[in-house]
Structures are given as structure tokens and as C-alpha cells.
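Bear in mind the structure is a predicted one, so any value in this text is a computation, not a measurement. The chains referred to below are lettered A, B, ... by the order of the sequence lines, with proteins before strands, and numbering in each begins at 1.
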Amino acid sequence: MAYNFNEIEQKWQRIWKENKTYHVTEDDSKEKYYVLNMFPYPSGAGLHVGHPLGYIASDIFARFKRLNGYNVLNPMGYDAYGLPAEQYAIQTGQHPAITTEQNINRYREQLDKIGFCFDWDREIRTCDANYYHWTQWTFIQMFNSYYDNDKKCSRPISELIEKLSNEGSKNINAACTKEIDVTAEEWNSLSEVAKQELLMNWRIAFLNETMVNWCPELGTVLANDEVVDGVSERGGFPVIQKKMKQWCLRVSAYAQRLLDGLDRIDWTDSLKETQRNWIGRSEGAEMQFRIKDSDIEFTIFTTRADTIFGVTFMVLAPESELVARLTTTEQKNAVEEYLDRTKKRTERERMIDRNVTGVFTGSYAINPITGEEIPVWVSDYVLSGYGTGAIMAVPAHDSRDYAFAKHFGIEIRPLIEGCDVSEESFDAKEGIMTNSPVAKFADCKLNLNGLTVKDAIAKTKSYISENKLGRVKVNFRLRDAIFSRQRYWGEPFPIYYKDGVPYPIPEECLPLQLPEVEKFLPTETGEPPLGHAKMWAWDEQNKCIVSKDTVDNKSIFPLELNTMPGFAGSSAYYLRYMDPKNDKALVSTEADNYWQNVDLYVGGTEHATGHLIYSRFWNMFLHDIGVSVKEEPFQKLVNQGMIQGRSNFVYRIKDTNTFVSLNLSKNYDVTPLHVDVNIVSNDILDIDAFRAWRPEYANAEFILENDKYICGWAVEKMSKSMFNVVNPDTIVEKYGADTLRLYEMFLGPVEQSKPWDTNGIDGCHRFLRKLWGMFFDKNDNYILTDEEPTKEELKSLHKLIKKTTEDIPAFSYNTTVSAFMICLNELTALKCNKKSIFEQVVVTLSPFAPHICEELWEIMGHNTTICDAEWPLFNEEYLKEDTIKYTISFNGKARFNLEFAADATNAEIESTVLADENSQKYIDGKPIKKVIIVPKKIVNVVI
RNA sequence: GCGCGUGUGGCGAAAUUGGUAGACGCGCCAGACUUAGGAUCUGGUGUUUUGCGACGUGUAGGUUCGAGUCCUAUCACGCGCACCA
């Protein structure tokens, strides 16, 4: 009987679907295990072979855990809101909901063919109103919360309001946009509008006028992680800086917790490091500098408080409001001209052009320690968004300050003994302090001379806090997330505006459904696309959506026109899978308590500073308000590598229609041309298919080697234009899903990026065919017997069980596949036909190749699915050797082998080796210094 | 510039705490069965040497009885952050 994979795979996929084999429910009698893949954005191009890599890896893990008795949640869904569908809608008028639906159906069809054990009853789509109900709900909770720095968690804004009205802001230690000082009397006398405006300063979800990354081509703002090298991540359009009023999420309040949490989760070091980088914690000090002949004081941030004696100038960011106040009349023109010039430069231009620019304000600051007068400059190398937007410049020990000082001829004063600053600054935080202070300030109270840099920093910090010159401060690079998008295809904000002040719509009125619009473009007045929606106003009294035309009625107000960004829907979807149909809560307490958090999360590393930060923040917030039981959403994370394309080339002799095979091509003047990889097999071109591929090749001539046309190849990104896209469907059709699954795992470590290369796929397919063949004789008769297996057969089996049991949890799938091949080779050599052996082989193989294993399981007479089998335990007894071969080496060289009984003692081995004739030859009368016996491996005689 | 990671046959890759480097697969070579084979099966396959052997994990050192693995330096490639004070 031939291995008819197409028939077998369709049969079992149908049975799994009909019987809901992979449907899970909460079950207290079993331990839970939650496996999750980053859900895909359903693009129009469909899946290519790279996409399923992570899904297969986690599917294997899910099946393995299930066989080990766990109740496994392995859901799948779609990140359905996104720019491509909307761009397509703008071009074609096709509603994004329709395109998205079509793409999802295509994805589903492709996914189904690979045989995943997803529980499709739990499918979610971020664009479903039942789903975004809870995205909107969470947003309202964020709007109604503030971050208490003392309790280190989010609290209801009502608590803050109570404090403000009772004691004012003096005892409030909360994350805020800027420090606000208000007494209880002042607060209580404020109007409702003024109070609401002030509260924005503390809310977790808040409106703020900020500099944003504006992408004119896309007509929307983008988050920092959506901008790469100054252009948009999607589309590659230029991005400029623009000031706009936007919804923001106070992610920065959670910076320390996001950092600390990394120590408690099982992610790769490199990914944690990337996040630490992005969060960018730096410990330092804030210091106040007074301006000479003025009562103006300003604050700078530095991590090098020890270099205070080397400050020879100060720099303000061009955007700093201090610039105007510090500019003297003489310098006014020069400064304004400079500000004009920098404003015109985009972020990208500033990044490319790093020429030193700057202008003197005319003011002098006073060094708080020495009293020295220091000129204050303006330069765009200082960023307004980090620290205080002002720095003390120490050219001797900071390369940027150094470049500035050299350019403008400012003094460079070295502070480290023996450092040479004639060519470049000495940035390292090491060495012994000198010139701190220089002789002319020798009578000042602080003296750092002779201290190490580390001690000097500590001493300066305590000096400035004791003398109230500043304070110790921790700064983060992590910024608040900008949460508004001027787009149609996203979650609407559940917000309406009364007197220009935003209010959330009542929770019982959620979801606020995305309205229909005539056009997906901005309106003539520059409003976002939702400005076109007619039914888009809120009736406060009747609690319902009404037409915009009725806004002048006293209880009817305009609704927010922005929509939420892509990461809104993907930030808590793992919670929703636990209880996807719940219409009373995001997730029920029971489901949340049972499933807790994701045990294993699999996805690409490209989300390191986007989704994986946002969802950790989002989950921490939900944890604070009692919705999510765990603080960290993803306990273990595995990054699957990217699968690159492997392009093939043909070589056309210039000005002809003749193509020459790879190894002969160097003899001709040729042009390499991409050729569709689907008409190339093992780098051999299918000539007929090539002639049929394009009309201009119909009459192509070929110069062959060994009667074959060999193509060249290169590793490139998988894309349509390189003709190297391999569709999983074509592989499934040709080899079957089981072969595809096995081969993707066999290709190399899951975490590693690698080119897709079908050259080895036959090996995996051959393995499955061989396994199938073991069950039948030449006449297709089933030949397995119930006889007792031999010792060798059991040994081979248990080696396999041991290897798979240990390697699957370690994600070492490529070696696991090898282990199956080794085991099968051994069983073939032993001519094994024992049912009890193959039963267990098939169970261990079933996570990798579920369809064939189900079929063989059935053929062996089982009437339950193999998913309900039990993972076999290995027995060390079978693995024990009677005798062990030792390699005898002399000074680590010249070896031969001796066999000993497995239970021989070291003393026995030693005496036997020393008495051995062969050994005598090597020892040759030389004195023996020692004999080293490595258990089960080696005896090394040191002479 | 700073941080992280990776370098092993013709190719994808294995290698427990330092313990016979190259498992397994591809490819290649030879043989068997075949009218035929891009089918199947068997054997071989790091380099060098007729052979014994010698040499081999980017390069150069070091520690060790013994190093792909540990240490130092260096080169190459990949990734992340990047006027973050």
C-alpha cells in the first residue's frame, strides 16, 4: 500500500474538525499549558513557507504537552486592522472589511492544510465589535486611572480628585506630563473644564500636544517603533516632526516595572537586552544652574556629576522655552536665525547631517560649585524630549561636547589624570580625578581630586543633594506611546467632546461601532476619515449614537474622529482567547485564574520594541486594576528566525535567446536573470516549463552540462519580484503537510534565520515513506506482530524516547527529527516488525507528523485519536551497556580502545590499563605521573 | 560609537558539566535490481598520504593530561540602539 499523504491528510483534518478534537475547556483536574503564536496580519499575498515556521514549532510543543497530560490552549486569530487594507480601499473603493474577510479566508484555508491543533472555536479578530468592545473598555479604564509612584501601580483617578480637593497637589507623587503645584482651594475654585484639563496631566490615557512622527503620504502619525531610519515602516514614506494634539498612553510611568519584569521572564538575553536598550534607564543627577545677573534658574540632567569642574559651556535644545528668556538683545537676531534654520530640518536630515551647529545666547550660567561663569549656547544636538532639554557640556569627557567645543573654540579642560584630549575626548568612566577643582577654585567646598570616577560621581551626588543644588534622578529613554491615528480602519475611541473636553461614553454602551464612511480619505477640512461619517455624534441623555447634524442640540456632542493604532488590538488578545465569547467582561475571573498567562509565546523578533513592550505595559495596567492575574503576559518567549528566499538564476548570453548552464556560464558574456523557483528543482531547470513561463522564452536555446541546465542561486528576501516565493500549498500538494512540517523543523534551529531550500526535503519525505513501508510487505499485507520486542529493538526505541522527551522542551527540533531517522534506520536494520515498538515510535512522532501517525495508529487497531494517547516514558534499564569501551590515551595522544564491564571500578580499570601490553609499549619505561579516568569515556595516562 | 550574537566538510547542520569533532539529512562516488530512472536498496564520503600516520572547528596566543567548548588579543559577518548628556 502506497503512502497516499493527500488522502490521509484530508481524512484526518476532516475528522479533527468534525469531532472538535482540539477544542479545550477549563478543566481543574488537569494542569494548564498556554501556547501562543503572534497572530498574523492577513495580507493579500497569503502565506509563504516562512510564516508557518513558528506555528509548526508551537504546534509540536502544544501536541507534546497534550500527550504529557496537560490541558493545552493553542488558539489562533487575526490582527485584522491595518494600513494595507485601508490603502487598498483608498485605491479601489473596496471596503477594508471585505478585503480583510477575503484575506482571512485565504489564510484559514492555507493554515488548515498544514494540520495545526488550533482551537478554532476561540478564534478572534481585532476588527470584530465583540472583540474591540474590550479594547475600548480598557482604554476607558486607562482614561480613568493615574499612576501612583508610591504604590507603584495604577489607581482610579477619583482617588486623585479626592486628594486634590482635600489637600491639593502637595502630597501627590504620581506620573505626570509636567509637575503641577495647586492648593486645595485653587483646585476647588476651578471650572469643570479647567479641572478636566488639569487631570489630563495624570491620566494613563491622556490628550497631549506633542511632537509626533507625521507621515504625510499615509496621512497619519506613527509611533516611534513604526518609524525606521526616518521613513515609515509600512510603505517606506518620509516622516516629519509635527506638533499635534494626540491621545497618548503613559507607558513611561511603567518604565521601571517594565525593566524589572525582564528579570522574571524566560526570554532570550538578546531580546531582553533590546528592551533594556529601548527603555534606556540612566541614573544620574539633576542640577540647578542660575543665570548671571538674573533670577532665572534652570535644570540640567547628567550622568557624569563628577565632571562638574570641567563644564565650559551649557547647551539648550532649540525647542526649549528657556531659549527665548536667555537670549540677550545683542544675540537675538543670531538665535532667531538659528532656530528658523533648525526648524526647517526634518528628523531625518538631522540624522544624516551631523555637522556641528549652534549659537550663543549671550547669557552666562553660574557653576553652582565654583561660581564660575559659563556661556549658554543653543544647539540641535541637544534633544528637547530627553532629560530637561538642557545640558552642562564637558568637552574633555563627552565626544559630542568635544566636537562642539573644537568647532567654536571653547576651552577643553581634562579632569582625568593622564588622559590625552588633544585629538579626541576621553569618554570612559574610569581613571583618577584631577583639576577638580583647578587651582583658582581651590577653596571651594567640594574636592574630587584623587578619587576614582565612580567614587567622584557618588560624592558629587551626595554633595548636591545635601546642599540643595539638585537631586539624584533616574531618566528613561522610553517615551509615552502616541495612540491616535488619523485613519479609518481601526478601533474608534469611545470618547465624545463636551465644551472641548473629552468624556468617555458609558461602559454599558460599548462597543462603539466603527461607522460607515463614503470615503476613506481625510475630509476637505483635514479631519480624519471618520469626519465623513454621518452617524457620528453622541446623545448624552439617550446614550446612543445620532446623526452629526443634530450636534447643536444641548445633549448631543461630537465623537472623537481619530482611531486607535495597530498595537491597540494586539496588546491584550492573549487574555481574550481565554474567554473569547464573554460579553460581560474582557475575560472572566474563572478563565483568567485557570489560564493565568501565556506559557510559551512564539513569534518574530521584529516586535521586540513594539508589540512586546506595549502588551507588557497593557497587561501590567490590567493587572493593576485586577483584570489580569499575572503581571507579565508571556512567561517564555521563543523568537523564530525568518525564512529567506532562495532565488534561482539563469544565464542568458548577451544579445541572444540562448541560456547557458551555471558552470559553463563563465566562458560567455552573460546576464543573470531571476527565474521562478517553482520551475526549478534541486537547481535543475525544467526546460519545458521555462519555455512556457514567458512568451519571450518560448524559443529559448540552451547550452547544457551533463544534459542538464544547472541554475545559479542566491539568498534574498522572499518576495514576488525575485520570483522566489514558495507557497506552502505547493509543498503540501507535492509532499504532504507532514513532510512540510518535518522539513521546516529539520532545516535548522527554529530561532535561526535561514534560506528556504527544498534541496533536502526529499530526505524527510523518504523517512515518512520508509516508516509507512515498515507496516506492510510487498503485497500490501499488514505485517506488524504482537511478539515481544528484542533487547536491541527496545534499546533503539528508548534512545528515541529519551532524546525526544529531552529535546522537545528545549526546542531542539532539528536534532529530534534526526533522532527519528536514526531510530528508523536501526529498526530497519533489525528488521523490526513489533507492534509495541511502532506504537510508541508513532506516538512520539505524532507532534511532528500528526496525519500519518493518526493513520498508522488506526491501522494498528486503535479507535481513539493519537492526540489522546500518552507520551511514553523511557526506561534507563534498556539503555545500559554491558560493556563500555574506553579510549586509552597517553599524554592526550596515541590512543587505542579497551573494553570493560559496565560496573568496573576505577581501580580495576587503572590496574588493567597499566598491566596491558599495549600500554607498556606507550609508557616505555617512563614514570607515570597520574592516570585520569573519565567516567565511561577515556583513560588518560600521563607520563 | 555603544551593546548583543555568530564563525565547524561541497551544503543545512550535530557535539551533556572541557572528554573519540563532523551525528542526521542533502549532494557526490561505487555497487545491486532494472528496458529505463531525478525510483528503490547496499556501501563509501573532512584534508593529506600507496600505507602507518599527520593535520583539521575564522586567525594568533594561553590554561589543561585533554579545548569547537574556558581565558586574552585579533579579523569577518549578522542584529539591536544611536547626537539619550
Side-chain angles (χ1 to χ4, degrees), chain A residues 229 268-282 284-285 300-305 307 315 317 350-351 354 356 379-383 385-394 397-401 403-404 424 427 475-479 605-606 608-609 681-684 686 708 713 742-743 746-749 751-755 757-764 766-767 769-770 773 806 812 814-825 828-829 885-897 928-943:
Chain A
D229 293 334
T268 62
D269 289 340
S270 79
L271 187 62
K272 287 187 190 179
E273 205 51 41
T274 302
Q275 289 215 341
R276 286 194 190 104
N277 248 322
W278 189 261
I279 296 167
R281 183 183 200 271
S282 73
I300 58 95
F301 175 76
T302 180
T303 54
R304 292 295 302 273
T307 58
V315 188
R350 265 164 81 160
M351 264 162 53
R354 295 213 178 161
V356 176
S379 173
D380 66 0
Y381 84 88
V382 172
L383 306 175
Y386 184 76
T388 60
I391 62 153
M392 62 178 215
V394 185
H397 302 292
D398 182 289
S399 50
R400 295 151 304 176
D401 298 344
F404 194 87
E424 56 179 7
D427 290 14
N475 254 330
F476 293 95
R477 203 188 73 96
L478 185 71
R479 312 286 170 86
T605 181
E606 67 272 18
T609 54
S681 176
N682 291 349
D683 290 338
I684 297 162
D686 180 335
K708 290 171 198 159
W713 60 274
L742 213 52
Y743 184 58
F746 186 63
L747 215 47
E751 299 89 337
Q752 197 172 300
S753 284
K754 57 227 154 195
D757 179 357
T758 45
N759 281 345
I761 199 164
D762 291 309
C764 289
R766 211 168 285 155
F767 161 76
R769 277 217 311 262
K770 275 189 210 169
E806 286 167 358
S812 186
N814 54 336
T815 55
T816 312
V817 177
S818 296
F820 288 121
M821 292 173 173
I822 294 167
C823 180
L824 194 66
N825 284 345
T828 308
K885 204 158 50 165
Y886 280 77
T887 300
I888 319 298
S889 69
F890 297 85
N891 285 353
K893 289 191 173 178
R895 304 181 178 89
F896 62 93
N897 294 322
I928 294 156
K929 285 185 191 148
K930 54 181 165 176
V931 177
I932 296 149
I933 299 170
V934 179
K936 297 183 183 182
K937 297 272 175 169
I938 278 180
V939 179
N940 197 345
V941 181
V942 186
I943 306 160

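B:C65 and B:U17 are spaced 22 Å apart, taking the P atom of each and rounding to whole Å. Between B:U63 and B:C24, the two P atoms lie 37 Å apart (nearest whole Å).
Atom CG in A:L271 sits about 12 Å away from atom P in B:C81, given to the nearest Å. For A:F746 and B:A23, the CZ to C1' distance is 10 Å, given to the nearest whole Å. The nearest whole Å value for the distance from the CG atom in A:L824 to the P atom in B:G25 is 10 Å. In this entry the distance linking CD of A:E751 with P of B:A14 reads 10 Å, nearest Å. To the nearest angstrom, P of B:C83 lies 21 Å from CE of A:M392. As a whole-Å value, the separation of A:E273 CD from B:C79 P is 18 Å. Counting to the nearest Å, the C1' atom of B:U40 and the CG atom of A:D762 are 13 Å from each other. Separating the CZ atom of A:R281 from the P atom of B:G3 is a distance of 19 Å, rounded to the nearest angstrom.
Checking the phosphate oxygens (OP1, OP2) of B:G5, no side-chain nitrogen or oxygen of A:Q752 falls inside 4.0 Å. Applying the 4.0 Å criterion to OP1 and OP2 of B:C65, one finds that A:K930 has a side-chain N or O inside that range. Using a 4.0 Å cut-off, some side-chain N or O of A:Y386 falls inside it from OP1 or OP2 of B:A85. In this structure, A:R477 does not reach the B:A85 phosphate: none of its side-chain N or O atoms is under 4.0 Å from OP1 or OP2. Considering only side-chain N and O atoms, A:R276 lies nowhere under 4.0 angstrom from the phosphate OP1 or OP2 of B:C81. Between B:C83 and A:S399, no contact under 4.0 Å exists linking OP1 or OP2 to a side-chain N or O. Applying the 4.0 Å criterion to OP1 and OP2 of B:A14, one finds that A:N814 has a side-chain N or O inside that range.
Listed nucleotides: B:A85, B:C26, B:C41. Nearest to the side chain of A:N759: B:C26. For A:R769, counting side-chain heavy atoms from C-beta on, the closest listed nucleotide (B:C24, B:C83, B:U40) is B:U40. Of the candidates B:U40, B:C81, B:G80, B:G80 carries the atom nearest the A:T274 side chain, counting heavy atoms from C-beta on. Closest to the side chain of A:T815, from the set B:A15, B:G25, B:A85, is B:A15. For A:S282, whose side chain is taken as the heavy atoms from C-beta onward, the closest listed nucleotide among B:A85, B:A13, B:C24 is B:A85. Of the candidates B:G80, B:A14, B:C4, the closest approach to any side-chain atom of A:S270 belongs to B:C4. Side-chain atoms of A:L383 lie closest to B:C83 of the nucleotides B:G80, B:G12, B:C83. Picking from B:A85, B:C81, B:C26 the nucleotide with the shortest atom distance to the side chain of A:R766 gives B:C26. Checking B:A85, B:C81, B:A14 against the side-chain heavy atoms of A:D398 singles out B:A85 as nearest. In the set B:A85, B:C81, B:C65, B:C65 carries the atom at the smallest distance from any side-chain atom of A:I932.
By the ring pair (Phe, Tyr, Trp, His ring centres under 6.0 Å) test, A:F301 pairs with no residue at all, sequence neighbours left out.
A:K272 comes within 4.0 angstrom of nothing in the nucleic acid, heavy atoms only. The residue A:I822 sits close only to the backbone: its heavy atoms come under 4.0 Å of sugar-phosphate atoms, none of a base.
Distance check: A:H397 NE2 to A:T307 OG1 gives 7.5 Å after rounding to the nearest 0.5 Å.
When each of A:D269 and A:E806 is assigned the nucleotide of RNA chain B bearing its nearest heavy atom, the one mapping closer to the 5' terminus is A:D269.
For B:G9, the O4'-C1' to base torsion is within 90° of 0; the nucleotide is therefore syn.
Looking at every heavy atom in both residues, A:R304 comes nearest to A:D427 through NH1-O, 3.6 Å.
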